[in-house]
Amino acid sequence: MPLIVAVAQPECDAFDVAANAVTHAAVVHAAGARVVVFPELSLTGYELDADVVPVDHPALSPLLDACQDTGTLALAGAPVDGAGGPHIAVLAVDGVAGTVTVAYRKVHLGTSEQRRFRPAEGPAVVTVDGYRLGLAVCKDTSVPEHQARTAALGIDVYAAAMCMSADELAEQDCRGARIAKAHGVWVALASFAGPTGDGYADTAGHSTIWSPDGTAVARTGADPGTFAVTTLP
């Protein structure tokens, strides 16, 4: 069966998980996709001192409800607890299973992130309708070893959650196309749009999906509140 994938860059209220979950839910309903990929720390904003978000947080209910209504898997960003300290993570909000789980913890941390967060040990995959989605968060996409280890898990899609500044857009696009061509996989990159924390007054947006030959087949602009959708054959 074909897989419909969306990359989204919703408007974000700093630290407000409840408001952001409602916004994410609206995107899920509008996109009509089996999988929706959201940016790095999308549920809190790129606020490195935001409280961790447990998987049973009641504020996530609107997003889980939307995923159950539509049969969607939402990959949303949040800080989470870990044995050695907090992590920057991807939550899998699974409308078919009716669950919220931590699907991936970021491996390669930026300098400012290292003051609070801990790196995870390795790559991770989620499987949706037989498609294998390898997961990444922002700086992970700049590390060839991470890409290779993720691809070695037998993935069909490299799904990445990003937060980059507007002047890094060319680098963001280069990474997406390069990963697609190097590993012969689809790349779905959801990038933060609009202002957020840690000095990101102007983020890159332009969330994009690349085909395995490096062609951009679906793309948003710079404004928050938009998404792009494609169907994987």
Side-chain angles (χ1 to χ4, degrees), residues 7-27 36-55 57-60 62-63 74-82 84-93 100 102-120 135-143 159-173 175-176 189-208 220-227:
V7 287
Q9 51 192 51
E11 295 183 0
C12 184
D13 293 327
F15 301 100
D16 195 337
V17 176
N20 294 325
V22 170
T23 303
H24 281 49
V27 172
V36 181
V37 186
F38 289 96
E40 181 175 19
L41 295 175
S42 61
L43 287 166
T44 59
Y46 191 77
E47 310 292 342
L48 300 184
D49 56 346
D51 291 340
V52 296
V53 180
V55 295
H57 198 309
L60 298 178
L63 177 55
L75 299 172
V80 301
D81 268 331
H87 296 264
I88 294 173
V90 176
L91 300 182
V93 185
V100 181
V102 178
Y104 176 72
R105 292 172 167 87
K106 188 175 183 177
V107 175
H108 299 281
L109 300 176
T111 301
S112 59
E113 296 168 354
Q114 295 174 20
R115 291 194 289 268
R116 180 187 180 200
F117 295 102
R118 298 294 178 266
L135 305 180
V137 177
C138 207
K139 190 174 180 179
D140 293 332
T141 64
S142 71
V143 181
M162 309 292 290
C163 181
M164 298 184 74
S165 62
D167 60 8
E168 294 176 304
L169 177 58
E171 169 63 16
Q172 176 175 284
D173 286 343
R175 291 184 196 179
L189 186 155
S191 186
F192 210 102
T196 190
D198 202 43
Y200 283 94
D202 190 13
T203 52
H206 290 89
S207 299
T208 305
T220 70
D223 294 334
T226 56
F227 60 86

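Remember, it's a predicted structure, so these values are computed and weren't measured experimentally.
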Q: Does the side chain of Met162 come within less than 4.5 Å of Cys138's, by heavy atoms?
A: yes
Q: Counting C-beta onward and ignoring hydrogens, is there a side-chain heavy-atom pair between Phe117 and Ser112 closer than 4.5 Å?
A: no
Q: Quick one: pull up CE in Met164 and OG in Ser142 and give me the separation to the nearest 0.5 Å.
A: 8.0 Å
Q: Heavy atoms only: give me the nearest Gly77-Ser42 pair and the separation to one decimal.
A: N-OG, 3.0 Å
Q: Do the side chain of Glu171 and the main chain of Glu168 share a donor and acceptor less than 3.5 angstrom apart?
A: no
Q: Given Glu113, which of Lys106, Lys139, His108, Arg118 fulfils the side chain to side chain donor-acceptor pair (under 3.5 Å) condition?
A: Lys106
Q: For residues Ala160 and Val37, report the shortest heavy-atom separation together with the two atoms involved.
A: O-CG1, 3.9 Å
Q: When rounded to the nearest 0.5 angstrom, what distance separates CG in Leu135 from CG in Asp140?
A: 10.0 Å
Q: Go through Val36 and Leu75 one step at a time and tell me if the side-chain contact (heavy atoms from CB on, under 4.5 Å) criterion holds.
A: CA-CA 6 Å; Val36 181; Leu75 299 172; over 6 Å; no
Q: With rounding to the nearest 0.5 angstrom, report the OG1 to CD distance, Thr203 to Glu40.
A: 11.5 Å
Q: Check whether any side-chain heavy atom of Tyr200 sits under 4.5 Å from a side-chain heavy atom of Cys163, and report yes or no.
A: yes
Q: To the nearest 0.5 Å, tell me how far Thr141 OG1 sits from Leu189 CG.
A: 6.5 Å
Q: When you check the side-chain N and O atoms of Ser191 and His206, is any donor under 3.5 Å from an acceptor?
A: no
Q: Can you classify the ring geometry of Phe38 versus His24 as parallel (below 30°), tilted (30 to 60°) or perpendicular (above 60°)?
A: parallel
Q: How long is the straight-line distance from CG of Asp51 back to NE2 of His57, given to the nearest 0.5 Å?
A: 8.0 Å
Q: Within this structure, what is the NE2-CG distance for the pair His87 and Leu109, rounded to the nearest 0.5 Å?
A: 9.0 Å
Q: Identify the heavy atoms of Pro39 and Ala161 that sit nearest to each other, and give their distance.
A: C-CB, 3.5 Å
Q: Between Ala74 and Leu63, which heavy-atom pair has the shortest distance, and what is it?
A: CB-CD1, 4.2 Å
Q: Check Val27 against Pro10 and note the closest heavy-atom contact, atom names and distance.
A: CG2-CB, 4.2 Å
Q: List the atom of Phe227, the atom of Thr220, and the distance in Å for their closest heavy-atom pair.
A: C-CG2, 3.4 Å
Q: Mind checking whether Val7 and Thr208 have side chains closer than 4.5 Å, heavy atoms only?
A: no
Q: Taking side chain to side chain contact (heavy atoms under 4.5 Å, CB included) as the criterion, tell me which of Thr196, Val90, Ile88 meets it with Leu41.
A: Ile88
Q: For Gln9 and Ser207, does a side-chain donor sit closer than 3.5 Å to a side-chain acceptor?
A: yes
Q: Are the side chains of Val102 and Leu91 in touch, meaning some heavy atoms are under 4.5 Å apart?
A: yes
Q: So, Asp13 side chain and Asp16 main chain: donor-acceptor pair closer than 3.5 Å or not?
A: no
Q: When you compare the side chains of Thr44 and Glu47, does any donor N or O come within less than 3.5 Å of an acceptor on the partner?
A: no
Q: Mark yes when over 12 heavy atoms from residues, nucleotides or ligands other than Asp49 sit less than 6.0 Å from its CG; otherwise mark no.
A: yes
Q: Is a side-chain donor or acceptor of Arg116 paired with a backbone partner of Leu48 at a separation under 3.5 angstrom?
A: yes
